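Keep in mind that the numbers below use all heavy atoms, side chains included, and drop hydrogens, waters and symmetry copies. Note that the coordinates shown come from a computational prediction; the quantities given were computed from them, not determined experimentally. The chains referred to below are lettered A, B, ... by the order of the sequence lines, with proteins before strands, and numbering in each begins at 1.
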Amino acid sequence: MRANPFQSRYNFREAEARWQKTWEDGKVFETKTDDPRPKYYVLEMFPYPSGRIHMGHVRNYAMGDVVARYRRAKGHAVLHPMGWDAFGMPAENAAMEKKSHPGTWTYANIATMRTQLKSMGLSLDWAREFATCDPKYYKHQQRMFLDFLKAGLVTRKTSKVNWDPVDHTVLANEQVIDGRGWRSGALVEQRELTQWFLKISDYSEELLSALDGLDRWPEKVRLMQANWIGRSEGLSLRWQLVAATAPAGFSELEIYTTRPDTLFGASFMAVAADHPLAKAAGERDPKLAAFLEECRRMGTSQAAVDTAEKKGYDTGIRAMHPLVPGLEVPVYVANFILMDYGTGAIFGCPAHDQRDHDFATAYNLPIKPVVRPVALSDAEANAAFDRKNSPTTDDGVLFNSGFLDGLTVAAAKEAIAKHFESESFGGRPVGQRKVNFRLRDWGISRQRYWGCPIPVIHCDDCGTVPVPNQDLPVVLPEDVTFDVPGNPLDRHPTWKHANCPCCGKPARRETDTMDTFVDSSWYFARFTDPFNADEPTTPAAIAKWLPVDQYIGGIEHAILHLLYSRFFTRAMTITGHASLKEPFAGLFTQGMVVHETYKSAAGAWLSPVEVRIEAGDGGRRALEIATGKDAVIGSIEKMSKSRKNVVDPDDIIESYGADTARWFMLSDSPPERDVIWSEEGVQGASRFVQKVWRLVGEAVDLLKAQSGGTPHAVTKAAHKAILAVGDDLERLRFNRCIAHIHDLSNSISSALAEPGRDTAGNAAIREAVVIMVQLFAPMMPHLAEECWKELGGSGLIADALWPAADASLVVEAVISLPIQINGKKRGDIDVPTDASPADVEALVRADAKIMAILEGKPIRKVIVIPKRIVNIVV
RNA sequence: GCCCCUGUGGCGGAAUUGGUAGACGCGACCGACUCAAAAUCGGUUUCCGCAAGGAGUGCUGGUUCGAUUCCGGCCAGGGGCACCA
């Protein structure tokens with residue numbers, strides 16, 4: 001006779017390893033492309049192989065796995081793949097430190113993290129795994145780049161980079177700290193390089209308007225993308241320069257504005273430091289040249305530009321106001337004007353723009369109000385105007401503005417546009433309406449080794465020549481060193497020398513590699529058929545599996561990754577590699593994992609394992625284990641190495657098991673919000689695992705022979721739970737699912753404690769236990785398999801269908817309605833569920849208790865909301 | 001500066017989307033079992049009050065028979081973007 005497994009605690013260590021092996025041996029989660037069931041593609045953002053997985057990964061992949069397992073149970077053919085976003089800078093940094101190859105470090109990390117992910121028991125199709133640094137992957141990426149090139153989706157132009165003048169290398173924004181290179185400490189300079197771009201800005205309008213169709217995306221993300229694309233309607237306007245003040249060859253300055261209505265308030269103009277006019281003026285004014293040089297020493301990141309003090313320099317050039325005869329306006333160079341946006345030049349109206357106001361105040365320029373509140377007269381508005389006051393840009397009425405006086409802002413914009421469209425000089429209209437976008441082309445050139453080589457050859461005679469398809473992939477050389485800063489591809493002795501595919505003469509390979517965002521802009525498509533060695537994608541597989549039905553990842557990718565992927569999918573469709581526009585039908589962005597911070601009495605950060613928490617009357621307190629002294633419990637923050645408030649998933653899975661870790665990650669906090677990792681919380685989850693094991697043990701021991709069943713309270717609870725959990729899983733509200741499952745387990749406990757149970761009661765409990773196991777199976781899959789086996793379920797629970805709820809069991813014959821008097825609850829009354837409002841009102845009026853509370857006050861009105869509430873107004 | 005989100009017991013949160021505020025969990029307290037502890041089981045747990053009762057969802061107005069939910073103003077915390085013209 002075999003030992004009763006329920007006499008001891010559930011042994012997660014033994015069970016989890018065993019079920020993981022069963023799933024793997026049976027290839028349970030490998031997806032068959034010809035599976036006839038309706039498809040469902042679940043994808044979590046694939047990880048960068050940084051070393052070890054962290055709790056954020058656990059949360060992300062636990063959520064995705066619940067969706068995947070639930071969809072399997074609902075009868076879908078589920079695609080749930082995993083891979084590695086394996087190119088990137090950290091590998092080069094590690095190579096520099098450890099004097100090894102980036103690939104060695106990357107593949108070692110992948111091996112570690114794969115083992116860690118497998119210990120979570122995820123229902124992943126590992127047969128489809130790939131790493132983006134594998135030539136078998138980036139070969140196809142190079143092929144698509146060349147197809148994009150042919151289709152006119154690629155361009156080459158100059159743009160600015162952060163240049164470290166000591167290390168002679170290009171720096172990423174994060175490598176620039178306080179304007180200095182992170183290793184050399186040298187002041188960073190801006191340098192112009194010719195680089196490769198994908199022409200995403202040609203699709204600004206399309207990418208913006210298609211956001212409306214993404215109805216299963218969070219509103220927040222759509223809004224962020226819309227703001228990033230930044231469509232604006234404005235006017236480009238040509239100002240004539242005062243000839244005596246302008247550099248040779250310059251007679252006009254074209255600006256872009258979204259507030260042409262404020263033109264009468266213009267008191268200065270400003271151009272970007274790299275505007276041609278600024279450069280020309282700099283050649284005749286050494287001080288201006290020095291100022292331009294100073295602007296160039298700002299980093300290229302927006303953050304660097306943002307935090308710099310607003311500065312300007314008067315070029316001495318004067319522009320003629322296009323509407324006020326005789327008014328000459330000074331032209332400044334300003335460090336906050338961007339050459340990339342609009343025309344790189346503006347006019348400033350200090351009274352109605354905060355930044356212009358700051359500038360005018362600093363340089364003592366005129367400030368003239370031109371929009372006033374509707375309620376004031378012109379005279380009152382002029383009298384009330386205060387130079388120091390914050391400018392108002394509220395919608396109002398124009399004044400001090402000639403022919404615009406009395407018009408609304410919108411009408412004035414229209415009038416100005418009409419006026420300048422019909423005026424002209426030099427054979428062109430003075431002003432033109434223009435829709436402008438903030439979105440810029442996507443620069444993909446990186447002067448780095450660990451990325452996908454751009455497959456182009458530069459020939460002195462033929463120019464830039466694509467590498468022929470049959471020569472792909474252009475593979476990274478293995479023999480590289482990182483002891484010197486700079487791009488190893490550039491200084492490699494032989495790699496860059498190649499013959500021109502056109503004329504056959506010696507030529508040079510492109511040594512730039514691609515931005516890693518390119519790698520992640522199509523991996524979801526590659527997963528649909530990663531076995532195709534010849535083509536990036538297989539049309540039938542794309543048609544079958546895309547779009548991704550549910551994409552899950554961090555909010556930090558709300559803009560760039562998702563926007564680039566949306567563009568890339570369109571580009572793939574244009575070049576015949578895909579057949580759709582939007583890659584992600586459903587998107588969910590999960591919150592961070594946060595943890596308390598601890599500091600020793602001496603003020604040093606302490607990690608959670610160095611601290612013991614004691615709970616007592618005075619609340620919780622922390623003790624430093626090593627010293628026995630009190631430690632300070634600090635604020636709850638995102639887990640980070642610097643604050644030491646990290647918890648290692650391996651430790652948690654080792655001491656509590658994967659199911660407990662997953663269960664806790666999903667419980668309590670709504671998934672889109674941050675979750676606080678706490679030891680108490682994990683222990684609570686662990687207790688629930690053991691409770692389930694005990695309940696199943698009782699059900700098995702007592703009720704083995706039972707089957708069938710008649711309605712019973714616990715049956716009703718179980719069927720209600722099926723509906724509630726299913727509904728919440730559909731909406732990814734995992735915390736509520738868990739609450740419903742707790743409820744059901746409580747109902748089962750109560751039913752088991754009832755004295756004098758009959759056969760039917762026993763059968764009902766058994767059925768409820770089976771249902772409970774099925775309901776938590778997506779979240780705690782190992783425990784569910786173990787319980788399923790003990791309860792005599794057939795096959796694997798991973799293959800079992802979701803239980804069907806019997807709607808007739810869920811209906812109640814009588815419900816209790818709350819009774820309010822003047823909106824305050826005063827009592828309850830039991831009424832038949834199907835009672836009409838009139839019946840309910842009659843029952844209420846006949847109820848002695850309610851009438852007693854009323855004390856004979858006349859009833860003015862009785863409001864009956866069926867199945868909800870009754871409100872008596874007296 | 002602009003945009004977005006959030007604010008409910010000691011704590012995480014729930015509230016059928018305008019209808020019984022505090023489900024479920026954590027913590028705490030009381031009790032049972034135990035020589036004892038752990039584990040487990042039962043009970044209590046928004047606040048004030050002995051009670052009847054009253055107050056209560058950041059603050060403050062409003063709409064409504066009825067507001068955690070909708071609208072206006074404010075406060076606090078978090079996030080994103082940015083000198084975007």
Side-chain angles (χ1 to χ4, degrees), chain A residues 9 218-221 223-224 226-228 230-232 234-235 255-260 262 269-270 302-303 305-310 334-338 340-349 353-356 358-359 390 436-440 555-556 558-559 591-592 615-617 619-620 636 638 664 667-670 672-676 678-685 687-688 690-691 694 724 727 733 735-746 749 753 816-828 860-874:
Chain A
R9 290 164 65 81
E219 186 55 37
K220 184 169 55 162
V221 175
L223 206 66
M224 284 163 82
N227 289 342
W228 185 265
R231 184 182 195 277
S232 71
L235 190 74
I255 59 98
Y256 175 76
T257 179
T258 56
R259 290 298 302 273
T262 64
M269 313 198 57
Q302 289 301 337
V305 178
D306 295 349
T307 49
E309 188 192 343
K310 290 182 188 75
N335 62 358
F336 55 85
I337 302 297
L338 305 175
D340 295 316
Y341 190 80
T343 60
I346 62 150
F347 78 77
C349 174
D353 181 281
Q354 183 63 53
R355 195 197 47 218
D356 293 348
D358 295 346
F359 194 82
S390 263
N436 219 354
F437 292 93
R438 181 184 171 280
L439 182 64
R440 300 195 287 255
I555 187 72
E556 66 272 22
I559 297 175
M592 295 182 299
D617 310 345
R620 299 164 71 247
I636 295 170
K638 180 180 178 172
F664 174 63
S667 59
D668 283 3
S669 289
E672 69 278 6
R673 276 205 228 166
D674 292 351
V675 65
I676 301 172
S678 75
E679 197 66 16
E680 293 94 329
V682 188
Q683 284 165 4
R687 273 201 296 276
F688 184 71
Q690 297 301 339
K691 176 181 175 177
R694 283 195 307 275
D727 184 51
R733 302 202 285 198
N735 56 321
R736 292 179 20 137
C737 294
I738 286 178
H740 292 309
I741 292 168
H742 275 295
D743 264 340
L744 177 56
S745 78
N746 290 340
S749 294
S816 170
L817 279 188
I819 309 297
Q820 291 184 332
I821 294 168
N822 287 343
K824 287 203 183 266
K825 193 195 164 193
R826 294 296 171 184
D828 296 282
R860 276 180 40 210
K861 202 171 169 189
V862 176
I863 294 154
V864 178
I865 309 296
K867 296 179 189 175
R868 288 268 186 275
I869 206 164
V870 178
N871 192 10
I872 303 168
V873 187
V874 296

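B/G13 atom C1' lies 13 Å from atom NE2 of A/H740, rounded to whole Å. Going from atom CD of A/E672 over to atom C1' of B/G79 covers 14 Å, rounded to whole Å. Here the C1' atom of nucleotide B/C4 and the CD atom of A/E219 are 10 Å apart, to the nearest Å. At whole-Å resolution of the value, CD in A/Q683 and C1' in B/U40 are 16 Å apart. As rounded to whole Å, 19 Å separates atom C1' of B/C2 from atom CZ of A/R231. Taking atom CE of A/M224 as the reference point, atom P of B/C84 lies 18 Å away to the nearest angstrom. Taking atom CG of A/N822 as the reference point, atom P of B/U64 lies 15 Å away to the nearest angstrom. Here B/A38 presents its C1' atom at 14 Å from CD of A/Q690, a figure rounded to the nearest Å.
For A/T257, whose side chain is taken as the heavy atoms from C-beta onward, the closest listed nucleotide among B/G80, B/A23, B/A85 is B/A85. Of the candidates B/A85, B/C65, B/G27, the closest approach to any side-chain atom of A/I346 belongs to B/A85. With B/C24, B/A85, B/U40 as the choices, the nucleotide that has an atom nearest any side-chain atom of A/R694 turns out to be B/U40. For A/D668, counting side-chain heavy atoms from C-beta on, the closest listed nucleotide (B/C24, B/C65, B/G12) is B/G12. Nearest nucleotide to the A/K220 side chain, out of B/C65, B/G27, B/C4: B/C4. Listed nucleotides B/G25, B/G54, B/A85 differ in distance to A/H742; the shortest reach to its side chain belongs to B/G25. In this structure, the nucleotide among B/A23, B/A55, B/C81 sitting nearest to the side chain of A/K824 is B/A55. Comparing B/C65, B/U40, B/G54 against the side chain of A/N871 picks out B/C65 as the nearest. When distances are taken from the side chain of A/R9 to each of B/A39, B/A85, B/G19, the shortest belongs to B/A39. The nucleotide whose nearest atom lies closest to any side-chain atom of A/I863 is, among B/A85, B/G19, B/C24, B/G19.
For the pair A/T258 and A/S749, nearest-nucleotide mapping onto RNA chain B gives the more 5' position to A/S749. Positionally, the nearest nucleotide of RNA chain B for A/G681 lies more toward the 5' end than for the other of A/G823 and A/G681.
The shortest distance between the side-chain N/O atoms of A/R673 and the OP1/OP2 oxygens of B/C5 is not below 4.0 Å. Residue A/Y256 has no polar side-chain atom (N or O) positioned under 4.0 Å from OP1 or OP2 of B/A85. Dashed line: the shortest gap from a side-chain N or O of A/R733 to OP1 or OP2 of B/G13 is not under 4.0 Å. One finds no side-chain N or O of A/R868 lying less than 4.0 angstrom from the OP1 or OP2 phosphate oxygen of B/U16. At B/C26, one or more side-chain N or O atoms of A/R687 fall inside 4.0 Å of OP1 or OP2 (strictly under the cut-off).
A/N436 comes within 4.0 angstrom of no nucleic acid atom, judged by non-hydrogen atoms across all strands. Contacts of A/I819 with the nucleic acid, taken as non-hydrogen atoms under 4.0 Å apart, are absent. Residue contacts for A/I865: at a heavy-atom cut-off of 4.0 Å it reaches a base atom on one of the strands shown. Looking at heavy-atom distances under 4.0 Å, A/N735 makes contact with sugar-phosphate atoms alone, never a base. If you check every strand for non-hydrogen atoms under 4.0 Å, A/S667 touches nothing.
Spacing of P atoms, B/A85 relative to B/C71, comes out at 27 Å, to the nearest Å. The P atoms of B/C50 and B/U6 are separated by 40 Å, rounded to the nearest whole Å. Rounded to a whole angstrom, the distance from the P atom of B/C5 to that of B/G66 is 28 Å. The C1' atoms of B/U45 and B/A39 are separated by 23 Å, rounded to the nearest whole Å. Spacing of P atoms, B/G43 relative to B/A36, comes out at 23 Å, to the nearest Å. B/A52 and B/C4 are spaced 48 Å apart, taking the P atom of each and rounding to whole Å. When the C1' atom is used for both B/G54 and B/G58, the distance is 22 Å, rounded to whole Å. Nucleotides B/G56 and B/C48 place their P atoms 15 Å apart, quoted to the nearest Å.
For the 3.5 Å distance criterion, the side chains of A/N746 and A/K691 qualify, holding a donor opposite an acceptor.
Anti is the conformation of B/G22, whose glycosidic angle sits further than 90° from 0. Base orientation of B/U57: anti, since the glycosidic angle falls outside 90° of 0.
Partner assigned to B/A82 is none, using Watson-Crick or G-U wobble distances below 3.5 angstrom. For B/C29, the paired base is B/G43 (Watson-Crick or G-U wobble, both distances below 3.5 Å). With a cut-off of 3.5 Å on both pairing distances, the Watson-Crick or G-U wobble partner of B/A76 is B/U6.
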Item checked: Residues A/I869, A/I863; criterion side chain to side chain contact (heavy atoms under 4.5 Å, CB included); working and verdict -> CA-CA 8 Å; A/I869 206 164; A/I863 294 154; over 6 Å; no
Item checked: side chain to side chain contact (heavy atoms under 4.5 Å, CB included) between A/I819 and A/K825, worked out -> CA-CA 6 Å; A/I819 309 297; A/K825 193 195 164 193; over 6 Å; no
Next item on the list: Any chance you could lay out the side chain to side chain contact (heavy atoms under 4.5 Å, CB included) test for A/M269 and A/I255, step after step, and finish with the verdict?
Entry: CA-CA 9 Å; A/M269 313 198 57; A/I255 59 98; 3.5 Å; yes
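Between A/R826 and A/I821, the closest heavy-atom pair is CG-CD1, 3.7 Å. A/Y256 approaches A/S232 most closely through the heavy-atom pair OH-OG, 3.0 Å.
The main-chain N or O of A/W228 is found under 3.5 Å from a side-chain atom of A/R438 such that the two form a donor-acceptor pair. Checking side-chain atoms of A/N735 against main-chain N and O of A/S667 turns up no donor-acceptor pair under 3.5 Å.
A side chain to side chain contact (heavy atoms under 4.5 Å, CB included) with A/V862 holds for exactly one of A/V873, A/V870, A/N871; it is A/V870.
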